[in-house]
Amino acid sequence: MALVVFFVLSLCITCCKVDGRNKFQPDEENDFTQHNSIMLPVENNFDCVDIYKQPALQHPLLKNHNMQLSPTFAKNTAQSSSSYGEIVNGCPEGKVPIYNKTKRHQNSTNSSFKLQTNEFWKHSKSFPGYNAVTLDTTQNMIFRGAFTGIAGFNLSLQDNQYSISSIWIESGPPTELNSIKLGVGVHPSLFGDSQLRLIGSWTADGYKKTGCYNLLCSGFVQVNKEYAFGSVISPANTIGSTSKYITFLKIKQDRSTGHWWLTIQLESIQIGYWPKELFTHLSKGASLIRFGGQTLSPPNKDSPPMGSGRLPKEKYRNSAFMEKLQIIDLEYNEVDVKSKDMKPYKDTNSDCYDLMYHGYEGPVFKQAFLYGGPGGRNCDI
């Protein structure tokens, strides 16, 4: 059953005027403004599936799972996008949208799909062609989640590449790593195009046997009937523009159930959750939060662009950035990160990708950093 979704989604957007004294742009005097963003129609790319027959519930650990339709922490939860515009043929009550890769890629095969999925989990230290730049927490504490706004860009990538900007939440030793990644990015192997989309992933065993993108394996429980992984985010930002579009994303553990909820927008639209039953270490909370970008390209090939494709030294007009960085602490308080508790990380040279972080950047961006770059040759170090 095809899903036609047309909703005005400020998956988006902060705005206002950027303080001209900002550390990142002392020489820029132009004001930056916000605009609404919409999700483009996805007529033939999604199926409407009975909420109680969705892929997540086929997971062996979720056979007796008691579905949670909304988080206990939600206040004035927005399950509908009616405040953003008219919805044209969203899924009916009792059904949820599931991205249908088979419809999108009629020529894909099981073997090629398995390769594409496995590539996502390669570590930069063990797999040439994978690179990441991130801003990481350094505290020895338990986290209940994280929040940020991401300025996303459309990028031109090849089928065997991806470029994704994400929040990571992690816990456990490398061989037992529990990890959830949530972000926006371009992944032609998954979607057949270079459009900016909502992307998530998880693993419960250090990327060995568990986990996948989005809903391509059982795990993530979809509860929203209008918003879903794979949805196109539009308009994307353009290099040089003073109009900036921000996708707000949050991962938060439910105090009562222990599930990890995905929320978009400042108005708190709940998409669904990763059940705690999937995890060993994350069921008790996260030990590390990371914000940043990651890319993949076959070994000995040019690395793809990250962020906007421009380096942080080109500042807000041209570079990608993340703003309003927050962690959710042990007591479930949502607090701005502190520069003394954050450490930049990169596994590549600064001509390929870089990250620039100075801490607090004024009342609009708050805690923010610039990141990304053009990629190219010799990015592995």
Side-chain angles (χ1 to χ4, degrees), residues 55-56 58-62 101 110-134 136-137 143 145-146 159-191 198-221 229-230 251 253 260 262 273-299 301 303-304 306 345-348 353 379-381:
Q58 303 304 311
H59 195 287
L61 296 176
L62 302 179
K101 179 181 170 63
N110 288 335
S111 60
S112 65
F113 169 69
K114 186 174 187 298
L115 175 63
Q116 293 158 7
T117 303
N118 287 343
E119 283 177 350
F120 185 85
W121 303 119
K122 301 300 183 182
H123 289 286
S124 57
K125 293 182 180 179
S126 61
F127 186 74
Y130 176 97
N131 292 110
V133 296
T134 59
D136 302 350
T137 56
F143 301 95
D159 286 345
N160 50 8
Q161 299 176 326
Y162 68 64
S163 184
I164 305 173
S165 300
S166 305
I167 301 171
W168 282 255
I169 62 167
E170 298 184 345
S171 188
T175 57
E176 304 172 7
L177 181 67
N178 289 191
S179 177
I180 296 173
K181 297 179 183 179
L182 168 64
V184 300
V186 176
H187 199 317
S189 294
L190 285 182
F191 303 114
L198 182 67
I199 299 175
S201 59
W202 66 278
T203 183
D205 61 359
Y207 310 104
K208 292 194 292 289
K209 295 182 179 179
T210 65
C212 64
Y213 297 97
N214 304 340
L215 307 185
L216 292 177
C217 66
S218 55
F220 182 84
V221 178
F229 284 124
I251 307 176
Q253 189 173 33
W260 290 92
L262 159 58
Y273 60 92
W274 290 272
K276 72 172 183 179
E277 293 93 330
L278 297 174
F279 305 105
T280 50
H281 300 284
L282 275 178
S283 61
K284 306 175 184 68
S287 59
L288 175 65
I289 304 295
R290 311 178 75 185
F291 305 91
Q294 58 180 332
T295 64
L296 179 73
S297 193
K301 300 292 184 180
S303 296
M306 178 192 293
Y345 163 84
K346 63 181 179 180
D347 64 1
T348 184
Y353 312 118
C379 286
D380 295 319
I381 56 174

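Throughout, residue positions are numbered sequentially from 1 according to the sequence presented. On a predicted model such as this, the values are computed, not experimentally measured, just so you know.
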How many angstroms lie between atom NZ of Lys276 and atom NZ of Lys284, to the nearest 0.5 angstrom?
-> 10.0 Å

Non-hydrogen side-chain atoms of Leu62 and Pro275 separated by less than 4.5 Å = yes

Where do Ile199 and Val186 land on the side chain to side chain contact (heavy atoms under 4.5 Å, CB included) test, with the steps shown first?
-> CA-CA 9 Å; Ile199 299 175; Val186 176; over 6 Å; no

Here the pair of heavy atoms bringing Ser297 nearest to Ser303 is CB-CA, 4.0 Å

Approximate separation, where rounding is to 0.5 Å, of Tyr345 OH and Arg290 CZ = 6.0 Å

Look up atom CD1 in Ile251 and atom OH in Tyr273, then write down how far apart they are to the nearest 0.5 Å.
-> 16.0 Å

Rounding to 0.5 Å, atoms NE2 (His59) and CD (Glu277) come to a distance of 10.0 Å

Closest heavy-atom contact between Ser171 and Ala286?
-> CB-CA, 4.1 Å

Smallest separation among heavy atoms of Ile167 and Ala146, with atom names = CG2-CB, 3.8 Å

Tested for side chain to side chain contact (heavy atoms under 4.5 Å, CB included) against Lys301, the lone hit among Pro299, Pro298, Pro304 is Pro298

Flag, side chain of Gln253 to backbone of Ser283, donor-acceptor distance under 3.5 Å = yes

Spell out, as yes or no, whether a donor-acceptor pair under 3.5 Å connects the side chain of Thr348 to the backbone of Cys379.
-> yes

Heavy-atom nearest pair, Ser287 first then Gly172, reads OG-N, 4.2 Å

Asn178 (side chain) donor-acceptor with Glu170 (main chain) under 3.5 angstrom = no

Determine whether Phe220 and Leu262 make a side-chain contact, defined as any pair of heavy atoms from C-beta on separated by less than 4.5 Å.
-> yes

Expected output: side-chain Asn131 to main-chain Thr295 donor-acceptor under 3.5 Å = no

Hey, could you give me the OG/CD distance between Ser218 and Gln58, rounded to the nearest 0.5 Å?
-> 7.5 Å

Side-chain touch Pro173/His281, heavy atoms, less than 4.5 angstrom = yes

Would you name the heavy atoms of Trp260 and Leu282 that are closest together and state the gap between them?
-> NE1-O, 3.0 Å

If you take all heavy atoms of Leu216 and Leu190, which pair is closest and at what distance?
-> CD1-CD2, 3.7 Å

Expected output: side-chain Asn214 to main-chain Cys212 donor-acceptor under 3.5 Å = no

Under the ring pair (Phe, Tyr, Trp, His ring centres under 6.0 Å) test, which residues partner Phe279, sequence neighbours left out?
-> Trp202

Scan Thr134, Asp136, Ile180 and name whichever one has a side chain to side chain contact (heavy atoms under 4.5 Å, CB included) with Trp168.
-> Thr134

Using the ring of each side chain (for Trp, its six-membered ring), is Phe229 parallel, tilted or perpendicular to Trp274, with breaks at 30° and 60°?
-> tilted

With sequence neighbours left out, what residues match Asp205 under salt bridge (Lys or Arg N to Asp or Glu O under 4.0 Å)?
-> none

Decide whether Thr210 and Thr203 meet the rule of one side-chain donor and one side-chain acceptor closer than 3.5 Å.
-> yes

